[in-house]
Amino acid sequence: MHDRPNAASDKAASDMVKTSVLVVGAGPVGLTLAMDLATRGISVTVVETRAAGEAPSVKCNHVSSRSMEIFRRLGLAQKLRDAGLPADYPNDCSYRTTATGIELSRIPIPCRRDRYTATGGPDTDWPTAEPPHRINQIYMEPVLFAHATGIEGLQILSRTAFEDFSEADDGIVATVRNLDTGAAFQIRADFLVGCDGARSLVRKAIDANLQGTPIIQRVQSTYIHAPALLCLMDRPAWMTLSLNPRRCGTVVAIDGSEKWLIHNHLNREDETFESVDRDASIRAILGVGPDFEYEILSKEDWVGRRLVADRFRKGRAFICGDAAHLWMPYAGYGMNAGIADATNLAWLLAAYLQGWADIAILEAYEAERLPITEQVSRFAMEMAGKVLSQRRAVPEEIEQPGPEGDAVRKQVGQAAYDLNVQQYCCAGLNFGYFYDRSPIIAYDGAEHPGFTMADFTPSSTPGCRLPFAKLADGRPVYDALGPGYTLLRYDPDVLVAPLTDAMRGNGVPFNIVDVSGGGDRKLILARTDQHVAWRGDAIPDNPERLISNLIGRSLTPSPD
């Protein structure tokens, strides 16, 4: 079943829609979850308040490498690569006195034409087949939506609002409302997942509370049409960051031609959205005079926070993405953290619904994702504090001509590069995080290697991301991972029949892939989400015990 305009309009108040998983919200996180579930054969219904095809707000501008790996598995990576900025538009980050002023430093990032082939520079040589992709959400989301509507078993009910739900032992019943007719109807599902953003109704319904730092920074965001701006920039960039004593801000190229998103960072505590002149700030950030013409397409004022829900689940209801966590979008890891939530939850739900895992396997979602959310949000908050301090300390001499000004510009430019290259080229956040307290991972006592925003050490330690490798046929190892568990065999002489028989005897989707070279163990068992579940040099004496651990059979389900 697929979406059609006003798909909920023919639902009478007495109708009962039945589905395996009800997803609230059709943004990038909700659509990723729905697509991941549907490709695993799970029926999914998504409810979304917007009309089919209605454009999202101009927010997220970056799809991380880990997200692109997920979209590769879902058959979406190339579709996304073909959208966004022009193929040859520079994806660099440029630090300038103003968007049209003197360049202080530049972080080189390959344009999408060169993304797979570029070498050298801080944003190349990623250990993956899918490096990051710079694309605004207004171009990204329609690609996801169109792909989702072509997947069998995935239904999107547009112009439909979630209101509440009740839960029984065997599922949930949600009340939703058609926003065009006003008629309420019910949806019965095995599980409910709220991907409904910062003001999540599902979060409130499961009594989850956001905790953390409520205000880090205030930002005025303005989406503008300014056809004359590009020709005033001697070297355009995907992101241009203005550093001057009057007004610091960020200018993001949306279409590579005429449309731009401008973030005006309110850097003093006494500034408010009402007290700051939007137009004057935009002109100061751009470095243009009163005669420069532009049109405001939309505007949004928002507060940067670090808030994490105290629970990600209650019974058969879960939350993902902004519904579960909010933080400053440093390193581009707001939406991308939500996409990681979605793919983590998708395979766990599918494992239970397909009948090869115990319901207790769902305990792993919060146990794995909540600690990572805490870590990443603190990385982002720490980066926000450093960047804020840098903006507040821009020297008055930065635009002064001559040797003294040159020296100041060199110093500020280098400091901006050194601080920010780690967030725009953040291999550590992409590949370094690990699950160290999961109930369904067989730990072996080895310490997980630490990681920073920029750096990480590949490791087969259980809980880590399976180290990247290419198979003999040239495929990346991740392309060979199955829908359940995959045994990577680095020594073809190791006997694996006992584990194979036990896995298949338990109905667990299982396959074996031989890898030549590399590997610090002869055997590595990887999950479908690329995390290592177990490793060793021989199959355990009791493979049934290992399998019971992996599929949640040895766990006691939470009373929630």
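In terms of the ring-ring contact (aromatic ring centres under 6.0 Å, His included) criterion, residue partners of Y435 (sequence neighbours excluded) are, by chain and number, H531. For the side chain to side chain donor-acceptor pair (under 3.5 Å) test, residues two or more places apart in sequence or in another chain that qualify with E374 are R306. Residues forming a ring-ring contact (aromatic ring centres under 6.0 Å, His included) with Y294 (at least two apart in sequence, or on another chain): none. S275 is linked by a side chain to side chain donor-acceptor pair (under 3.5 Å) to T272, counting only residues two or more places apart in sequence or in another chain. Scored by the side chain to side chain donor-acceptor pair (under 3.5 Å) test, E48 finds R50 as partners (sequence neighbours excluded). A search for side-chain contact (heavy atoms from CB on, under 4.5 Å) contacts involving K386 returns E382, L419, not counting sequence neighbours. The side chain to side chain donor-acceptor pair (under 3.5 Å) test applied to Q530 returns no partner, not counting sequence neighbours. In terms of the ring-ring contact (aromatic ring centres under 6.0 Å, His included) criterion, Y417 has no residue partners (sequence neighbours excluded). Take K79 and apply the side-chain contact (heavy atoms from CB on, under 4.5 Å) test, not counting sequence neighbours, and it matches L76, V143, H147.
Annotation: ring pair (Phe, Tyr, Trp, His ring centres under 6.0 Å) contacts involving residues 212-256, sequence neighbours excluded, are absent. Judged as a ring pair (Phe, Tyr, Trp, His ring centres under 6.0 Å), the pairs with a partner in residues 90-130 (not counting sequence neighbours) are, in order, W126-F431. The ring pair (Phe, Tyr, Trp, His ring centres under 6.0 Å) analysis of residues 373-411, with sequence neighbours excluded, yields the pairs F379-F451.
Relative orientation of the W302 and H263 rings is perpendicular, given thresholds of 30° and 60° on the angle between their planes. Using the six-membered ring where Trp is involved, Y365 and F318 have ring planes that are perpendicular, over 60° apart on the 30 and 60° scheme.
Within 6.0 Å of CZ in R437 there are 12 or fewer heavy atoms belonging to other residues, nucleotides or ligands.
Closest approach of V394 to C248, counting heavy atoms only: CG2-SG, 4.0 Å.
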